[in-house]
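We name chains A, B, ... by the order of the sequence lines, and we start the count at 1 in each one. Both backbone and side-chain heavy atoms feed into the values below; hydrogens, waters and symmetry mates do not. In this text, all values refer to a predicted model and were calculated from it rather than measured experimentally.
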Number of protein chains: 2
Amino acid sequence: MVRKTKEDAELTRLRIIDAARAVFLARGVSKSTLEHIATKANVTRGAVYWHFKNKTEIFHAIREQVFLPLIDRMDDTLGLAIDSTENPLTQIENSLCHTINELSENTEMREIYEIMMIKCEYVGEFATVLHQILNNCSSLIEKIEIAYQRAQTQNLLASNLSPRALALDTHLFFGGLLHMWIKDADGSKFRYQAIDLIKSHINLRRK
Amino acid sequence: MVRKTKEDAELTRLRIIDAARAVFLARGVSKSTLEHIATKANVTRGAVYWHFKNKTEIFHAIREQVFLPLIDRMDDTLGLAIDSTENPLTQIENSLCHTINELSENTEMREIYEIMMIKCEYVGEFATVLHQILNNCSSLIEKIEIAYQRAQTQNLLASNLSPRALALDTHLFFGGLLHMWIKDADGSKFRYQAIDLIKSHINLRRK
DNA sequence: ATATTTACATACAAGCTTGATTGTATATAA
DNA sequence: TTATATACAATCAAGCTTGTATGTAAATAT
């Protein structure tokens with residue numbers, strides 16, 4: 001039997017993506033072969049080539065699985081809905097903690113982050129991804145800044161630093177935390193205290 | 001003419017390392033060939049294999065060029081000499097700014113950082129490097145913590161966060177900054193304001 | 001009912017990379 | 001002065017990847 005129904009085909013597409021994620025994680029993107037991926041997905045390279053043009057396309061498919069929903073969720077957790085009533089600083093804290101908790105519980109997301117951060121070389125055609133990352137950062141910073149502006153308006157801030165500066169500092173802190181969280185695979189250095197680190201970071205700003 | 005004097009041989013070794021740095025930067029470590037490196041260094045693969053066992057050894061040679069001196073310099077700039085009289089917070093600030101300035105001026109160092117951060121896949125034999133990175137971080141954090149302890153003793157701190165928590169926050173901030181600084185190749189997002197970001201970060205702690 | 005896609009599997013050609021081997025001219029040690 | 005180790009260059013065999021081309025059976029359209 002060869003030809004499958006459309007639903008079956010979509011399943012094999014997902015199986016290929018899942019397989020690619022496992023293979024990328026284990027061998028790194030560059031040293032992962034379409035044959036590796038196909039074998040892991042219990043198909044042949046023919047199937048892979050049918051669904052994807054090449055390895056790069058699979059990579060982007062994996063990336064989109066996690067990073068497309070990411071931005072939207074940020075809006076929620078950062079309380080950017082206008083009628084939000086909670087302490088903005090607490091909202092920032094919760095938003096960051098929420099991401100860490102997601103990473104802890106969501107294996108798929110954790111693996112994708114790990115691939116993007118330490119199992120991938122941003123060179124050639126992958127260099128464009130860097131620009132996407134930079135742009136994501138910009139929009140994230142803006143959203144954090146808005147929250148800090150609300151905090152400032154409500155006279156909740158301990159320092160007289162601008163919301164912009166606070167947002168940049170928070171973003172860089174969290175970027176660093178994510179990197180360390182991922183690299184600290186056994187959890188002994190950063191993972192176990194990530195939530196505390198976030199709370200300290202925010203407490204430093206509370207009046 | 002083939003056989004060179006010892007000094008000549010050492011020069012070709014350095015030429016190979018320099019070439020490897022350029023090739024790694026341009027093509028990523030995984031897709032860099034010993035042939036690429038040899039050609040760039042104006043030698044044959046025979047010379048490369050004479051000086052290095054394989055690509056991994058070249059990688060480590062490049063890494064040691066920058067990261068071995070790094071730890072020592074940190075001791076200086078962080079003012080860990082006991083007779084240091086300057087404001088500890090200013091010393092931390094200067095230390096971080098000094099690293100950024102080094103990255104700006106020292107092409108070699110900047111390229112090596114870029115290779116290690118976004119042109120290399122930490123998998124297989126490279127995974128051990130992750131542990132080295134984690135350990136480096138630990139010692140760095142300790143040194144920053146000592147400086148914050150001095151600041152606390154001198155009653156210079158605005159918050160009542162522990163020196164440990166402040167050091168971790170600073171380290172994560174700076175790690176994030178380094179990553180963004182490297183990724184922001186055209187300098188429009190982070191590089192141009194890196195020094196200001198550091199000063200804001202430290203000012204947040206000043207009484 | 002037949003024609004035509006679809007969703008793969010199989011086969012093939014080409015290039016690339018690696019490691020090993022061999023060759024060799026020259027420093028350097030004895 | 002001679003022997004040997006050094007610092008490479010050149011060659012070779014083997015395997016691995018990739019892209020493409022072709023085959024094919026079943027689903028779907030007509």
- Aromatic ring pairing A:F59/A:F126, orientation class (parallel under 30°, perpendicular over 60°, tilted between):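 A:F59 and A:F126: perpendicular rings.
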- Backbone N/O of A:E125 and side chain of A:T128: donor-acceptor pair under 3.5 Å: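 Answer holds: yes.
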- With no hydrogens and no angle check, is any side-chain donor or acceptor of B:R191 less than 3.5 Å from a backbone partner on B:D184?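 Judged by distance alone, yes, a pair lies under 3.5 Å.
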- By side-chain contact (heavy atoms from CB on, under 4.5 Å), which residues pair with A:N135, not counting sequence neighbours?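 Expected list: B:K189.
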- Message: Can you see if the side chain of A:H51 gets near the phosphate of C:dC8 - specifically, an N or O under 4.0 Å from OP1 or OP2?
- Response: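 Yes, such a contact exists.
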- Message: Taking only side-chain N and O atoms of B:T12, does any of them lie within less than 4.0 angstrom of OP1 or OP2 on D:dA7?
- Response: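 No, no such contact exists.
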Could you check how far [atom1] of [X] sits from [atom2] of [N], rounded to whole Å?
| X | N | atom1 | atom2 | answer |
| --- | --- | --- | --- | --- |
| A:W50 | D:dT24 | CH2 | C1' | 13 Å |
| B:N42 | D:dA9 | CG | C1' | 14 Å |
| B:F52 | D:dC8 | CZ | P | 11 Å |

Please list each protein N or O that sits under 3.5 Å from an N or O in nucleotides 17-19 of chain C, with the distance.
{"residue": "C:dT17", "atom": "OP1", "partner": "B:T33", "partner atom": "OG1", "Å": "3.3"}
{"residue": "C:dT17", "atom": "O5'", "partner": "B:T33", "partner atom": "OG1", "Å": "3.1"}
{"residue": "C:dT18", "atom": "OP2", "partner": "B:L34", "partner atom": "N", "Å": "3.3"}
{"residue": "C:dG19", "atom": "OP2", "partner": "B:Y49", "partner atom": "OH", "Å": "2.7"}
{"residue": "C:dG19", "atom": "N7", "partner": "B:R45", "partner atom": "NH2", "Å": "2.6"}
{"residue": "C:dG19", "atom": "O6", "partner": "B:R45", "partner atom": "NH2", "Å": "3.1"}

- Task: Taking all non-hydrogen atoms of both residues into account, name the closest pair between A:S30 and A:K55 and its distance.
- Result: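 For A:S30 and A:K55, the tightest heavy-atom pair comes out as O-NZ, 3.1 Å.
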- Message: For a 4.5 angstrom cut-off between non-hydrogen side-chain atoms, does B:I100 reach B:F174?
- Response: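 Side-chain contact under 4.5 Å: yes.
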